[in-house]
S.K.: 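A single structure is presented below for examination.
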Amino acid sequence: MLIGYARVSTIEQNPDLQIDALKQAGCEKIFIDKVSGTVAERPELKKLREQLRSGDMLVVWRLDRLARSLKNLIEWISELEAQNVGFKSLQEAIDTSTPSGKLVFHIFGALSEFERNLIRERTRAGLNAARARGRFGGRPKKLTQDKVSRIKELYDSGDHPIDEICKMAGISKPTLYKYLKEKK
């Protein structure tokens with residue numbers, strides 16, 4: 001039996017492209033997770049693992065949909081081989097039920113990890129360059145330092161309830177407490 005697995009990193013992303021490809025490949029069952037690949041706990045992947053039987057074939061759209069790293073991918077393939085379960089990746093045209101497919105799997109796995117590491121390095125270098133120029137990421141502060149000082153004075157005086165201070169400043173209670181904590 002061909003069993004498909006699709007994964008998107010966030011709830012906002014749409015897995016339809018992967019699902020269509022898996023159906024076209026002949027998958028009878030498809031398990032879909034909407035969680036980052038860095039998260040170890042993936043409920044649908046766990047269900048899929050329990051469903052696999054000897055003679056089945058696990059099909060994914062791309063290698064990075066299944067595993068978090070090359071090491072993790074190799075562990076998966078080793079586990080599948082031990083259960084006599086094949087593995088197929090549609091985009092990389094890998095089919096581990098053939099000797100050449102096993103070779104291609106190892107080559108593409110190494111290239112995928114290399115690509116992720118390059119992206120990580122470029123991101124870090126870009127962030128460091130921005131910081132060196134005095135730029136920092138994140139959402140801009142809602143309140144100026146003057147306004148923060150003023151709400152701190154209002155809070156410390158005890159003359160105004162928290163809700164009133166929040167309403168005057170146009171912020172929520174958690175935001176107020178965050179600013180108060182920063183000022184200490």
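In what follows, residues are counted from 1 in the order of the sequence shown.
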S.K.: When hydrophobic residues are tied together by side-chain contacts of less than 4.5 Å, even through go-betweens, does Ile30 share a cluster with Leu45?
M.R.: no

S.K.: Relative to Trp76, does Arg49 satisfy both conditions: NZ or CZ under 6.0 angstrom from the six-membered ring centre, and within 45 degrees of the ring's axis?
M.R.: yes

S.K.: Between Gln13 and Ser9 (side chain of the first, backbone of the second, donor and acceptor by atom type, cut-off under 3.5 Å), is there such a pair?
M.R.: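 Yes, Gln13 side chain to Ser9 backbone: donor-acceptor pair under 3.5 Å.
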
S.K.: Donor-acceptor pair, Tyr155 side chain versus Tyr177 backbone, under 3.5 Å?
M.R.: no

S.K.: Treat each ILVMFWY residue as a node, draw an edge where side-chain heavy atoms are under 4.5 Å apart, and state whether Tyr5 and Met57 are in one component.
M.R.: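 No; tracing contacts between hydrophobic side chains, which count when under 4.5 Å, never links both residues.
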
S.K.: Give me the atom names and distance for the closest heavy-atom approach of Val59 to Cys27.
M.R.: CB-SG, 3.7 Å

S.K.: Are Leu63 and Ile94 close enough, and set up right, to give a side-chain contact (heavy atoms from CB on, under 4.5 Å), and what steps lead you there?
M.R.: CA-CA 9 Å; Leu63 291 175; Ile94 296 171; 4.0 Å; yes

S.K.: What distance separates Arg42 CZ from Leu48 CG, expressed to the nearest 0.5 Å?
M.R.: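 Taking CZ in Arg42 and CG in Leu48, the distance rounds to 11.0 Å.
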
S.K.: Taking the side chain as everything from C-beta on, heavy atoms only, tell me whether Lys23 gets closer than 4.5 Å to Ile19.
M.R.: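 The answer is yes, as the side chains (C-beta and beyond) meet within the 4.5 Å cut-off.
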
S.K.: Carefully, step by step, assess Thr123 and Ile119 under the rule side-chain contact (heavy atoms from CB on, under 4.5 Å).
M.R.: CA-CA 6 Å; Thr123 302; Ile119 291 168; 4.2 Å; yes

S.K.: Side-chain contact, heavy-atom cut-off 4.5 Å: Glu75 with Glu79?
M.R.: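 In short, these two side chains do not touch, never coming nearer than 4.5 Å.
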
S.K.: If you compare all heavy atoms of Leu176 against all heavy atoms of Ile151, which two are closest, and at what distance to 0.1 Å?
M.R.: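 Residues Leu176 and Ile151, closest heavy atoms: CD1-CD1, 3.5 Å.
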
S.K.: May I ask you to decide whether Asp33 forms a salt bridge with Arg65, counting only side-chain N to carboxylate O separations under 4.0 Å?
M.R.: no

S.K.: Quick one: does any side-chain atom of Thr175 pair with a main-chain N or O of Ile171 as donor and acceptor, under 3.5 Å?
M.R.: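 Pair absent, no side-chain N/O of Thr175 close to backbone of Ile171.
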
S.K.: Would you say Leu73 and Ile3 are hydrophobically clustered, going by side-chain heavy atoms of ILVMFWY under 4.5 Å?
M.R.: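 The answer is yes; both residues are in one hydrophobic cluster.
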
S.K.: Lys47 pairs by side chain to side chain donor-acceptor pair (under 3.5 Å) with which of Glu44, Glu50, Gln51?
M.R.: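 One option only clears the test, and that one is Glu44.
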
S.K.: Would you check if Leu58 and Leu80 make a side-chain contact, meaning some heavy-atom pair closer than 4.5 Å?
M.R.: yes

S.K.: For Leu90 and Ala21, work out which heavy atoms get closest and say how close.
M.R.: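 It is CD1-O, 3.6 Å.
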
S.K.: Does the side chain of Val60 come within less than 4.5 Å of Lys88's, by heavy atoms?
M.R.: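 In short, these two side chains do not touch, never coming nearer than 4.5 Å.
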
S.K.: Are Ile32 and Leu22 connected, step by step, through hydrophobic side chains (Ile, Leu, Val, Met, Phe, Trp, Tyr) whose heavy atoms are closer than 4.5 Å?
M.R.: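 In one cluster with Ile32: Leu22, yes.
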
S.K.: Quick check on the hydrophobic clustering: are Leu17 and Leu66 connected, directly or via other members, by side-chain heavy-atom contacts under 4.5 Å?
M.R.: no

S.K.: Taking the side chain as every heavy atom from C-beta outward, state whether Ile165 and Pro161 have any atom pair closer than 4.5 Å.
M.R.: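 When only atoms from C-beta onward are counted, Pro161 and Ile165 do not touch, as no gap falls below 4.5 Å.
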
S.K.: Let me see the working for Ser97 and Asp95 under side-chain hydrogen bond (donor to acceptor under 3.5 Å, both in side chains), right down to the final yes or no.
M.R.: CA-CA 5 Å; Ser97 63; Asp95 182 346; 2.5 Å; yes

S.K.: Look up atom NZ in Lys167 and atom OG in Ser172, then write down how far apart they are to the nearest 0.5 Å.
M.R.: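 Going from the NZ atom of Lys167 to the OG atom of Ser172 covers 14.0 Å.
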
S.K.: Between Phe114 and Arg116, does a side-chain contact (heavy atoms from CB on, under 4.5 Å) hold up when you go through it step by step?
M.R.: CA-CA 6 Å; Phe114 177 69; Arg116 279 191 302 277; over 6 Å; no

S.K.: Between Asp56 (side chain only) and Leu2 (backbone N and O only), is there a donor and an acceptor less than 3.5 Å apart?
M.R.: no

S.K.: At their closest point, which heavy atom of Gln83 faces which heavy atom of Leu52, and how far apart are they?
M.R.: OE1-CB, 4.1 Å

S.K.: Regarding Asp146 and Arg150, does a basic nitrogen lie under 4.0 Å from an acidic carboxylate oxygen?
M.R.: no

S.K.: Please check this pair: side chain of Gln18 against backbone of Arg7, looking for a donor-acceptor N/O pair closer than 3.5 Å.
M.R.: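 Yes: the side chain of Gln18 pairs with the backbone of Arg7.
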
